[in-house]
Amino acid sequence: GAGVSQSPRYKVAKRGQDVALRCDPISGHVSLFWYQQALGQGPEFLTYFQNEAQLDKSGLPSDRFFAERPEGSVSTLKIQRTQQEDSAVYLCASSLAPGYSNQPQHFGDGTRLSIL
Amino acid sequence: DAKTTQPPSMDCAEGRAANLPCNHSTISGNEYVYWYRQIHSQGPQYIIHGLKNNETNEMASLIITEDRKSSTLILPHATLRDTAVYYCIVRAALFNKFYFGSGTKLNVKP
C-alpha cells in the first residue's frame, strides 16, 4: 500500500504480558517515529529512527519500552511487563527525509493497546 | 519548540469556510508551522505547512501573520467529512519530533 501500515490494529493483553507492535513505513522513507496517544489527548513523541539508527529515544516512558528498526525499514515497538497505564493508541509515522528537514510526517492509523 | 494555543472547539456550517486560529507568540525564526487533523479512530493526517509565506494546496490555505505570531488554517468549503480535531504544531527544522498539544475540535454541521 501507499501509506504507513501498522499491525495489529487492536491488541488486548493481560497485565504483565509482553507485546510487540509493528510498523511498515512508506517505502523509501528514511525517518520513522513512534508516538503514544492517550484517550482524549494529542499524540506524544516516543522515539525516532533515521534508517536503522535510533537517534532519539527521549520520549520512551520507561525501560520496559524498546524499539528497533534493524534493516532501516520495518520497525517494532516492544513493551515488556505491560501495565494498565500503557493502554493507549500507538502511532507510527514516517518521513522521506532525515528528521532535521521540514518534510511532513505521514502517520499510520495506529495500534490500540488495551491492558486488562 | 514554541508552544501553540488553539481554541478547544469550533462550529462551522457545511459549505461555509472554516477558519481555525492558532497562536504561537514565542515562535522563532527557523520554526515552521504545520497543520494536521485527526478523524476519529484514524491517525493524524498532514494538511499543510509553511515558514512565513502564505501557502495553499488542494486541502486548505495557511495564512501566517507578518510577525509570525499567529496563523489561520482555512478550509474553503467545509463538508461533514471535515469534522475532526485539528492540530497546529510549530517545529524547528533541526528537531525531529512534533509536539501536538490538544488541538481544536471542529464540528461541521449540516
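Proteins come first, then strands; the chains are lettered A, B, ... in the order of their sequence lines, and each starts at number 1. Since this is a predicted model, take the numbers as computed values, not measurements.
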Original post:
At their closest point, which heavy atom of B:Phe98 faces which heavy atom of A:Tyr35, and how far apart are they?
Top reply: N-OH, 3.2 Å
Original post:
Is there a path from B:Met10 to B:Val108 through hydrophobic residues (I, L, V, M, F, W, Y) whose side chains come within less than 4.5 Å of each other?
Top reply: yes
Original post:
Which residue pairs pass the disulfide (SG to SG under 2.5 Å) test with at least one member in residues 9-75 of chain B, sequence neighbours excluded?
Top reply: B:Cys22-B:Cys88
Subject >> Per-residue contact mode, B:Gln38 against chain A (heavy atom under 4.5 angstrom) >> reply: side chain
Subject >> Interface residue of largest heavy-atom contact number with chain B, from A:Pro43, A:Gly108, A:Gly110, A:Gly42, under 4.5 Å >> reply: A:Pro43
Subject >> Joint hydrophobic cluster, B:Leu106 plus B:Leu80, side-chain heavy atoms closer than 4.5 Å >> reply: yes
Original post:
Are A:Leu60 and A:Leu32 co-members of a hydrophobic cluster defined by side-chain heavy atoms under 4.5 Å apart?
Top reply: yes
Subject >> B:Tyr34 reachable from B:Phe100 in the ILVMFWY side-chain graph, under 4.5 Å edges >> reply: yes
Original post:
Do any pairs count as a side-chain hydrogen bond (donor to acceptor under 3.5 Å, both in side chains) and have a residue in residues 3-14 of chain A, sequence neighbours left out, and if so which ones?
Top reply: none
Original post:
Which heavy atom in B:Tyr87 sits nearest to a heavy atom in A:Gln37, and how many Å separate them?
Top reply: OH-NE2, 3.6 Å
Original post:
Would the B:Tyr36 and A:Phe107 ring centres measure less than 6.0 Å apart?
Top reply: yes
Original post:
For chain A, which residues from residues 49-70 of chain B have at least one heavy atom closer than 4.5 Å to it?
Top reply: B:His49
Original post:
Hey, is the main chain of B:Gln42 close enough, under 3.5 Å, to the side chain of A:Asp109 for a donor-acceptor pair?
Top reply: no
Subject >> Common cluster, A:Val12/A:Leu39, ILVMFWY with side-chain heavy-atom separation under 4.5 Å >> reply: no
Original post:
Is there a donor-acceptor pair closer than 3.5 Å between any side-chain N or O of B:Tyr32 and the backbone N or O of A:Gln103?
Top reply: no
**OP:** Heavy-atom distances under 4.5 Å only: say whether A:Ser95 touches chain B with side chain, backbone, both or neither.
**Re:** neither
Original post:
Among residues 61-94 of chain A, which ones touch chain B with a heavy-atom distance under 4.5 Å?
Top reply: A:Leu91
Subject >> Enclosure of B:Lys105 NZ (heavy-atom neighbours >12, cutoff 6.0 Å) >> reply: yes
Original post:
Which pair of heavy atoms, one from A:Gln105 and one from B:Tyr46, lies closest together, and at what distance?
Top reply: O-CB, 4.2 Å
Original post:
Say you draw a straight line from OH of A:Tyr48 to NZ of B:Lys97; how long is it, rounded to the nearest 0.5 Å?
Top reply: 11.5 Å
